[in-house]
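The structure appears right after this line, and notes come after that.
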Amino acid sequence: MKNRRDTNKRSSEVIVRFPPSPTGNLHIGGARTALFNYLFAKKHGGKIYLRLEDTDRERSKPEFERNILDGLAWLDLAADTLPDGKELWRQSERADVYRTHLKKLVASGAAYLSQEKERERREVVRFKNPGSLITFHDIIRGPITFDTKELGDFVIAKSIEEPLYHLAVVIDDAALGITHVIRGEDHISNTPRQILLQRALGFAEPLYAHIPLILAPDRSKLSKRHGAVAVTEYREQGYLPEALVNYLALLGWNPGTDREIFSLDELAEQFDLKRVQRGGAIFNAEKLNWINKEWLRTLPPDVSERAVRSALATETPRIKEDVLARALPTILERIGKWGDVRALAEAGELDYLRAAPKVDPAHLPWKGEPIESTREHLAEAAGRLERVAGAFSKDAITLALMPYAEEKGKGNVLWPVRFALSGREKSPDPFTLAYILGKEETLRRLAAASNLLS
RNA sequence: GGCGCAUUCGUCUAGCGGCUAGGACACCACCCUCUCACGGUGGGAACACGGGUUCGAUUCCCGUAUGCGUCACCA
């Protein structure tokens, strides 16, 4: 039998699979299962196959399949090409194989056609359960024992033509030569059933590793009512795939060091099933945000600029190219993900980048400073900035303004200048603002503010 | 309810018989500072409980409690 794990020749080979059911979008938990399988395969130079478990024809939908494939591609979790040369393994295309095995099971007496009363169907295929004690060694949890008598003669197919989950899984795992089954802890109780089938079919038993579940803040199973669960929703919110992968890897696994920022390749290098946690882990968006921020900082400026620009694409009027380019570091400092750019814009915090602000003259003077001298400060600041000869850089601006500000009191000078440029009580510092806006626009706004005071 | 899995700061976690129980996120304070953000420094914060085993338990064993999973002609 070709799927036997030969103890000499192929003992070190690792073959894993990610088998989503296209009955829903790729969610965070499924993505992490895919990730752990991927990391394990890469770590050991093995293979990972993608298998669509679509035996339930009613619930399986093309749009879910699309969503799953999109999500995996976005996270950069590429599966290996299948032994038959295809990219995708669909259970719905393997009816003949399942039928053959089913007939064999029935012929040998390991399964039987069962007459049902008052059920959905009159006749189904049940597995004749020998009722033995099954123990398997979970890589993460150690030995787990079940008394399969409690399972009864479970149904393995709706009919000879319609296999159910456990049967299809066992047959496909054997056909693909799967060596390690890495899946969610909710599958622990499925394992004895599958081992029973493997034995009846004469298949080799893969090694099992059941990873902990991802939980909602209230420790219940993470679901739609807890907010975003689909991977594509995180993409839409403007998270970086590197960040989501990084965070997901750290949810339930750790490298044993204090390091927290890892690329996919670095994770693969470090990954070890032995360091996977046993208890469930709550999904914490704040930590994700922090990791995303760390990744944001690693981006080259042109990539960031493009992303910020596209986040602002629907905002009018458009921010001028050169202004946006200079404002980029300041914007990046204030966001955790691309979606925050929109939030910033909607809160009006970027208005001053587009056009001169409507300045409320009442807010122009710094604490108790008279209007007269405030106007003087604005005029003097404008004069000094106008005399800046070379590049209108942040350093040059600071050099031009600082001595005067220190002489008259920093707040007395810097507050009105900053307020004149931004029109806001909270904003970046005046030097940065002047640099972003450019000399001409800076002088124009200072003059405008000065006029408001006369 | 049966069966199974789990339980260290609010959260993610380090720890694999002897530690002032470490780190990160979040939070708080201070510093930086014209404001905000960034950054820096510091702080509060945990071994679920009860029995054992042991000279000594966060660590090993057994209970209890709690949480979660699963008991489909879904996967």
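What's counted below: heavy atoms across the whole structure, side chains too, no hydrogens, waters or symmetry copies. Convention: sequence-line order gives letters A, B, ...; per-chain numbering from 1.
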Regarding Glu286(A), tell me which of base, sugar-phosphate or nothing describes its non-hydrogen contacts under 4.0 Å with the strands shown. sugar-phosphate

Length of the line joining Leu215(A):CG and rC5(B):C1', which is rounded to integer Å: 12 Å

Is the NZ or CZ atom of Arg199(A) both under 6.0 Å from the centre of the six-membered ring of Phe203(A) and within 45° of that ring's axis? no

Once you apply a heavy-atom cut-off of 4.0 Å, does Leu151(A) come out as touching a base, just sugar-phosphate, or nothing? nothing

Measure NZ/Lys274(A) against P/rG15(B) and give the value in whole Å, please. 14 Å

Would Thr23(A) and Lys61(A) count as having a side-chain donor-acceptor pair, cut-off 3.5 Å? no

Can a donor-acceptor pair be found between the side chains of Asn289(A) and Tyr239(A) at a distance below 3.5 Å? yes

Would you indicate, yes or no, if rG69(B) has its OP1 or OP2 atom less than 4.0 angstrom from a side-chain nitrogen or oxygen of Arg183(A)? no

Does the side chain of Gln198(A) come under 3.5 Å of the side chain of Glu205(A) through a donor N or O and an acceptor N or O? no

Inter-nucleotide C1' distance (rC36(B), rG42(B)), Å rounded: 23 Å

Have Arg183(A) and Thr191(A) got a donor and an acceptor in their side chains that come within less than 3.5 Å? yes

More 5' along RNA chain B: Arg275(A) or Gly280(A), using each one's nearest nucleotide? Gly280(A)

Under a 3.5 Å limit on both distances, the Watson-Crick or wobble mate of rC38(B) is none

How close or far is atom P of rU8(B) from atom CG of Asn254(A), stated in whole angstroms? 14 Å

rG22(B) and rC9(B), which share atom name P, separated by this distance in whole Å: 14 Å

Within the 4.0 Å heavy-atom criterion, would you say Leu213(A) contacts the bases, only the backbone, or no part of the nucleic acid? sugar-phosphate

Under 4.0 Å between any heavy atoms, over every strand shown, what does Arg297(A) touch: base, sugar-phosphate, or nothing? Just pick one. sugar-phosphate

With Arg94(A) as the cation and Tyr98(A) as the aromatic partner, state whether NZ or CZ is under 6.0 Å from the six-membered ring centre and within 45° of the axis. yes

When the C1' atoms of rA75(B) and rU70(B) are compared, how many Å lie between them, rounded to an integer? 13 Å

What does Thr145(A) touch in the nucleic acid at a heavy-atom separation under 4.0 angstrom: a base, only the sugar-phosphate, or nothing? sugar-phosphate

To the nearest Å, how far apart are Leu251(A) CG and rC25(B) C1'? 12 Å

Assess the pair Phe36(A) and Phe271(A): is the distance between their ring centroids shorter than 6.0 Å? yes

Distance, P atom - from rU58(B) to rA48(B), rounded to whole angstrom: 10 Å

Mark up nucleotides 29-36 of chain B, 5' to 3', with B wherever a protein heavy atom is under 4.0 angstrom from a base atom, S wherever such an atom reaches only the sugar-phosphate, and - elsewhere. -----BBB

For a quick test of reading the model: is some side-chain N or O of Asn284(A) closer than 4.0 Å to OP1 or OP2 of rC25(B)? no

Who is the Watson-Crick or G-U wobble partner of rC32(B), with both distances under 3.5 Å? none

Any chance you could list the contact pattern along nucleotides 70-75 of chain B? Use B for base contacts, S for sugar-phosphate-only contacts and - for none, protein heavy atoms under 4.0 Å, 5' to 3'. S--BBB

What nucleic acid atoms does Phe146(A) come within less than 4.0 Å of, heavy atoms only: base, sugar-phosphate, or nothing? sugar-phosphate

Qualifying residues under ring pair (Phe, Tyr, Trp, His ring centres under 6.0 Å), relative to His377(A), sequence neighbours excluded: Tyr404(A)

Scan every strand shown for a Watson-Crick or G-U wobble partner of rU53(B), both distances under 3.5 Å, and answer none if you come up empty. none

If I take atom CZ in residue Arg278(A) and atom P in nucleotide rU59(B), what distance separates them, rounded to the nearest angstrom? 13 Å

Working note: Arg66(A) + Asp70(A), criterion side chain to side chain contact (heavy atoms under 4.5 Å, CB included); need CA distance, chi angles, decisive distance, verdict. CA-CA 6 Å; Arg66(A) 197 65 260 155; Asp70(A) 280 356; 3.5 Å; yes

Phe18(A) and Tyr38(A): ring pair (Phe, Tyr, Trp, His ring centres under 6.0 Å), yes or no, with the steps? CA-CA 8 Å; Phe18(A) 176 56; Tyr38(A) 177 90; over 10 Å; no

Considering just the side-chain nitrogens and oxygens of Arg219(A), establish if one lies under 4.0 Å of OP1 or OP2 belonging to rC12(B). yes

note: Asn292(A), atom CG; rC25(B), atom C1'; distance rounded to Å ~ 14 Å

Is the shortest side-chain N/O distance from Gln277(A) to OP1 or OP2 of rU7(B) below 4.0 Å? no

In whole angstrom, give me the gap between the P atoms of rC68(B) and rU11(B). 14 Å

Sub-3.5 Å donor-acceptor pair from the side chain of Asp54(A) to the main-chain atoms of Ser92(A), do we have one? yes

Heavy-atom nearest nucleotide on RNA chain B for Tyr247(A) versus Asp147(A): which residue maps closer to 5'? Asp147(A)

Which of the following nucleotides, rC38(B), rG4(B), rU11(B), is nearest to the side chain of Lys293(A)? rC38(B)

Distance check needed: rG23(B) C1' versus Glu260(A) CD, whole Å only. 7 Å

Would you mind classifying the nucleic acid contact of Gly256(A) as base, sugar-phosphate or nothing, using non-hydrogen atoms under 4.0 angstrom? nothing

Complement of rG10(B), any strand, by Watson-Crick or G-U distances under 3.5 angstrom: rC25(B)

Quickly work out the Ile282(A) CD1 to rA26(B) C1' distance and round it to whole Å. 13 Å

For rU64(B), give the paired nucleotide (Watson-Crick: N1-N3 plus N6-O4 or O6-N4; G-U: N1-O2 and O6-N3; both under 3.5 Å), or none. rA48(B)

Return the pairing partner of rA72(B) with a 3.5 Å limit on both distances, Watson-Crick or G-U wobble; otherwise return none. none

Centroid-centroid under 6.0 Å between His27(A) and Tyr234(A) rings: no

Only pairs with both distances under 3.5 Å count, Watson-Crick or wobble alike; so what is the partner of rU20(B) in this structure? none

